[in-house]
Number of protein chains: 2
Amino acid sequence: MGKKVDNNTEISPKGALFESRKGAGQSITMEAVGRLAGVSQVTVSRALSNPEKVSPKTLKKIQAAIDATGFVPNAVAGALASKRSKLISVLIPSITNIVYTSMVKAFTDSLAGSGYQILLSETGFEDGAEEALIAAHLSRRPDAVMLTGIDHSARSRMMLLGANLPIVELWDLTDSPIDVCVGFSHPESGRAVARFAIELGFTSVATVSAGDERATRRGDAFVQEFEKIEGNKVTSIVFGQTGSLAKGRAGLTKLIDEHDFKNSFIFCSSDNLAHGVLIEAQARGLKVPEDLAIVGFGDQELARSVDPLLTSVRVDRPALGQAAAKALLDQLKGGKVSNRIIDIGFEIIQRESTKPL
Amino acid sequence: MGKKVDNNTEISPKGALFESRKGAGQSITMEAVGRLAGVSQVTVSRALSNPEKVSPKTLKKIQAAIDATGFVPNAVAGALASKRSKLISVLIPSITNIVYTSMVKAFTDSLAGSGYQILLSETGFEDGAEEALIAAHLSRRPDAVMLTGIDHSARSRMMLLGANLPIVELWDLTDSPIDVCVGFSHPESGRAVARFAIELGFTSVATVSAGDERATRRGDAFVQEFEKIEGNKVTSIVFGQTGSLAKGRAGLTKLIDEHDFKNSFIFCSSDNLAHGVLIEAQARGLKVPEDLAIVGFGDQELARSVDPLLTSVRVDRPALGQAAAKALLDQLKGGKVSNRIIDIGFEIIQRESTKPL
DNA sequence: ATGAAAGCGCTAACAG
DNA sequence: CTGTTAGCGCTTTCAT
């Protein structure tokens with residue numbers, strides 16, 4: 001290829017450029033740039049990765065050739081040769097859920113300037129899909145992997161371990177992370193809300209939850225802790241998938257219509273659900289918090305904007321994303337991990353939607 | 001590499017496996033799998049990409065070797081050799097904004113089974129960042145690119161054109177797309193809402209908008225169309241960044257406190273802003289739609305869940321994402337594009353938050 | 001400071 | 001149906 005113009009080192013740049021534009025996706029190579037600049041391909045490579053090792057004069061010629069051709073280096077070839085892809089795989093359950101995307105945002109923002117790019121996939125909340133996705137991602141030879149949660153199949157864990165990469169599991173904690181986990185204790189947060197409800201004086205409360213694994217663990221812990229006290233009772237409404245305003249409204253409706261729910265206290269597995277409960281309560285003329293206390297989870301923007309303001313469990317998602325990025329970058333830079341289990345904690349933010357009985 | 005075990009075709013599989021696990025990221029190759037299965041490397045490649053061209057017996061041996069080693073093919077090498085990366089670049093302004101992520105979701109869901117993966121980046125709403133991101137993405141040699149909007153720098157367009165790939169611009173329309181655009185007319189949607197407000201009988205209205213380029217074009221068109229009628233007047237509140245509940249509340253507050261706004265009709269550039277306006281209105285004891293009519297944009301889930309239900313401009317984002325995926329896949333399959341400008345349209349969904357004066 | 005040579009692990013012809 | 005031979009466009013190592 002390109003033999004016809006082998007002789008035009010400085011003679012016919014346009015010709016060389018033109019030739020490399022024909023055909024589909026025929027892109028310019030370092031060799032072509034080098035020919036134009038009158039240097040070898042390696043020198044072009046060096047000019048891009050170690051400019052200090054190239055003379056200023058040569059550098060300028062190469063830069064001119066790059067500008068003239070619109071050369072964009074082929075990172076695929078680079079990755080193959082160097083065995084570093086500069087790619088980080090990110091797997092989250094849902095790409096449309098702000099809980100996860102906000103962490104990804106903090107994560108990628110922390111990566112800015114490091115040259116890493118993100119290969120993102122959505123796993124869904126059901127098992128099984130993740131395994132195939134992990135294989136697909138590992139085939140791209142990412143330099144690191146970020147997963148959501150700690151619940152991964154044996155085969156997934158085997159593949160990830162076998163890939164021998166920095167791996168971070170986000171948004172949950174375990175004593176035996178694949179590599180590093182950054183999160184908080186879901187059961188502990190459920191128990192904390194239970195104690196909060198007890199302190200407010202409630203004895204019969206409800207939960208409105210999404211059915212995913214983590215929400216379930218929070219809810220179970222909440223029930224267990226709350227019902228530790230003799231005579232206390234929890235009514236639980238669980239929806240199959242992700243929470244939404246509509247499901248929040250439906251949740252309160254169901255509690256009132258089917259469970260003869262007396263106005264008291266509702267712990268929701270997301271702020272969205274809590275907001276739905278709030279809207280339904282207001283539509284029914286119930287006063288919050290006088291007739292009904294509501295606690296959300298996640299402390300989204302809406303918790304600070306609705307009327308009344310929503311009490312919610314805050315998890316510092318930006319800090320989570322940043323800690324995850326740091327854990328990976330530290331390893332990628334060759335450092336050792338000092339701490340494989342990073343507990344970001346949580347905090348109950350009391351606002352207007354709750355008050356003592 | 002691997003010379004030491006060259007002689008163990010069937011003798012010491014564990015040895016081969018073990019050897020390939022040592023060292024960082026040392027992954028198994030097709031050659032190693034082939035050695036284990038007693039076939040050449042190419043046959044392993046074929047077994048994976050064209051199993052029908054390999055005898056069932058060989059196939060089984062190869063499968064066993066793959067299972068034994070946990071082999072994951074190196075897609076980087078595959079991409080370099082085949083000049084097809086099976087990667088699609090996706091650039092959206094914000095990864096945490098459901099408007100964009102819902103389209104990406106529809107887009108990727110349409111891609112399921114095709115073997116393509118998504119390289120996702122966030123461009124932000126400011127110019128400049130996109131150019132560097134496009135270069136970074138093109139260096140990965142994606143097979144196609146999806147961009148948001150039609151507003152791209154000359155250099156960006158040049159790079160994209162030079163890459164000679166299927167490209168789709170989403171969420172807007174232009175007569176001169178880089179390749180294909182799938183969207184709707186933002187100005188036309190603004191004018192439609194203006195006519196809607198006029199029909200309802202309003203003469204003095206307001207807008208509460210985010211400051212991004214598309215929201216601005218919708219708002220400008222709204223104002224122009226509405227003020228075509230003698231004596232009509234629009235008060236505009238614009239916020240710098242993305243809309244939010246808090247900004248919606250602040251918007252109404254500003255209108256009332258600073259602009260002496262009389263209860264009438266407010267067109268918001270997103271449902272989030274509209275919801276914020278609604279919350280603030282309710283907090284102030286205003287009745288919607290009796291005292292104040294509100295129109296949102298986007299028809300998010302919340303528009304169908306708040307009380308009163310929110311009138312909004314619906315754009316079929318799933319259809320948009322699907323059409324974009326189809327436009328790209330058609331070209332990737334070698335087909336020609338019949339239609340370079342795909343208008344998905346929009347629709348004003350009238351609900352409880354508006355009524356005739 | 002620059003270049004030559006040798007791969008990275010695959011796919012794409014072409015043989016048999 | 002299977003194998004051989006050439007690359008893909010870079011990075012790495014070793015010379016010069």
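Note: hydrogens, waters and symmetry copies are ignored here, and every other heavy atom, side chains too, is used. Everything quoted here is computed from the prediction, not taken from an experiment. The sequence lines fix the lettering, A, B, ..., with proteins before strands; numbering per chain opens at 1.
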| Is there a donor-acceptor contact under 3.5 Å from the side chain of A:Asn50 to the main chain of A:Glu52? | no
| message | With a 3.5 Å distance limit and no angle check, can you tell me whether B:Glu169 reaches the backbone of B:Pro177 through a side-chain donor-acceptor pair? | response | no
| task | Applying side-chain contact (heavy atoms from CB on, under 4.5 Å), run through B:Thr29 and B:Asn74 and close with a yes or a no. | result | CA-CA 8 Å; B:Thr29 65; B:Asn74 185 328; over 6 Å; no
| task | Sugar-phosphate atoms are those with a prime plus P, OP1 and OP2; base atoms are the rest. Using that split, label each nucleotide of nucleotides 10-16 of chain C B, S or - for protein heavy atoms under 4.0 Å, 5' to 3'. | result | BBB----
| request: Please report the shortest heavy-atom distance between A:Met159 and A:Glu131, naming the atom on each side. | output: CE-O, 3.4 Å
| query | Taking all atoms of both residues into account, what is the closest heavy-atom pair of A:Leu119 and B:Leu87, and its distance? | reply | CD1-CD1, 3.9 Å
| Can you list the residues that meet the side chain to side chain contact (heavy atoms under 4.5 Å, CB included) rule with A:Thr123, with sequence neighbours excluded? | A:Leu91, A:Pro93, A:Glu130, A:Leu133
Rounded off to whole Å, could you give me the [atom1]-to-[atom2] distance for the [X] and [N] pair?
X: B:Leu138; N: D:dC10; atom1: CG; atom2: P; result: 14 Å
X: B:Lys53; N: D:dG3; atom1: NZ; atom2: C1'; result: 14 Å
X: B:Ile62; N: D:dC1; atom1: CD1; atom2: C1'; result: 11 Å
X: A:Asn50; N: C:dT2; atom1: CG; atom2: C1'; result: 13 Å
X: B:Lys60; N: D:dT2; atom1: NZ; atom2: C1'; result: 18 Å
X: B:Leu80; N: D:dG7; atom1: CG; atom2: C1'; result: 9 Å

[N] phosphate, OP1 or OP2, under 4.0 Å from [X] side-chain N/O:
X: B:Thr43; N: D:dT2; result: no
X: B:Thr58; N: D:dC1; result: no
X: B:Lys83; N: D:dG7; result: no
X: B:Ser40; N: D:dT4; result: no

| To the nearest 10 degrees, what angle separates the axes at the start and end of the helix from C:dA1-D:dT16 to C:dG16-D:dC1, five pairs each? | 30°
| Derivation of the side-chain contact (heavy atoms from CB on, under 4.5 Å) call for A:Val90 and B:Leu120 | CA-CA 10 Å; A:Val90 173; B:Leu120 183 82; over 6 Å; no
| said: For B:Lys86, is there an ion pair with B:Asp143 - N to carboxylate O distance below 4.0 angstrom? | reply: no
| request: Please test B:Ile88 against B:Phe107 for side-chain contact (heavy atoms from CB on, under 4.5 Å), starting from the C-alpha separation and ending with a verdict. | output: CA-CA 11 Å; B:Ile88 295 183; B:Phe107 180 81; 4.0 Å; yes
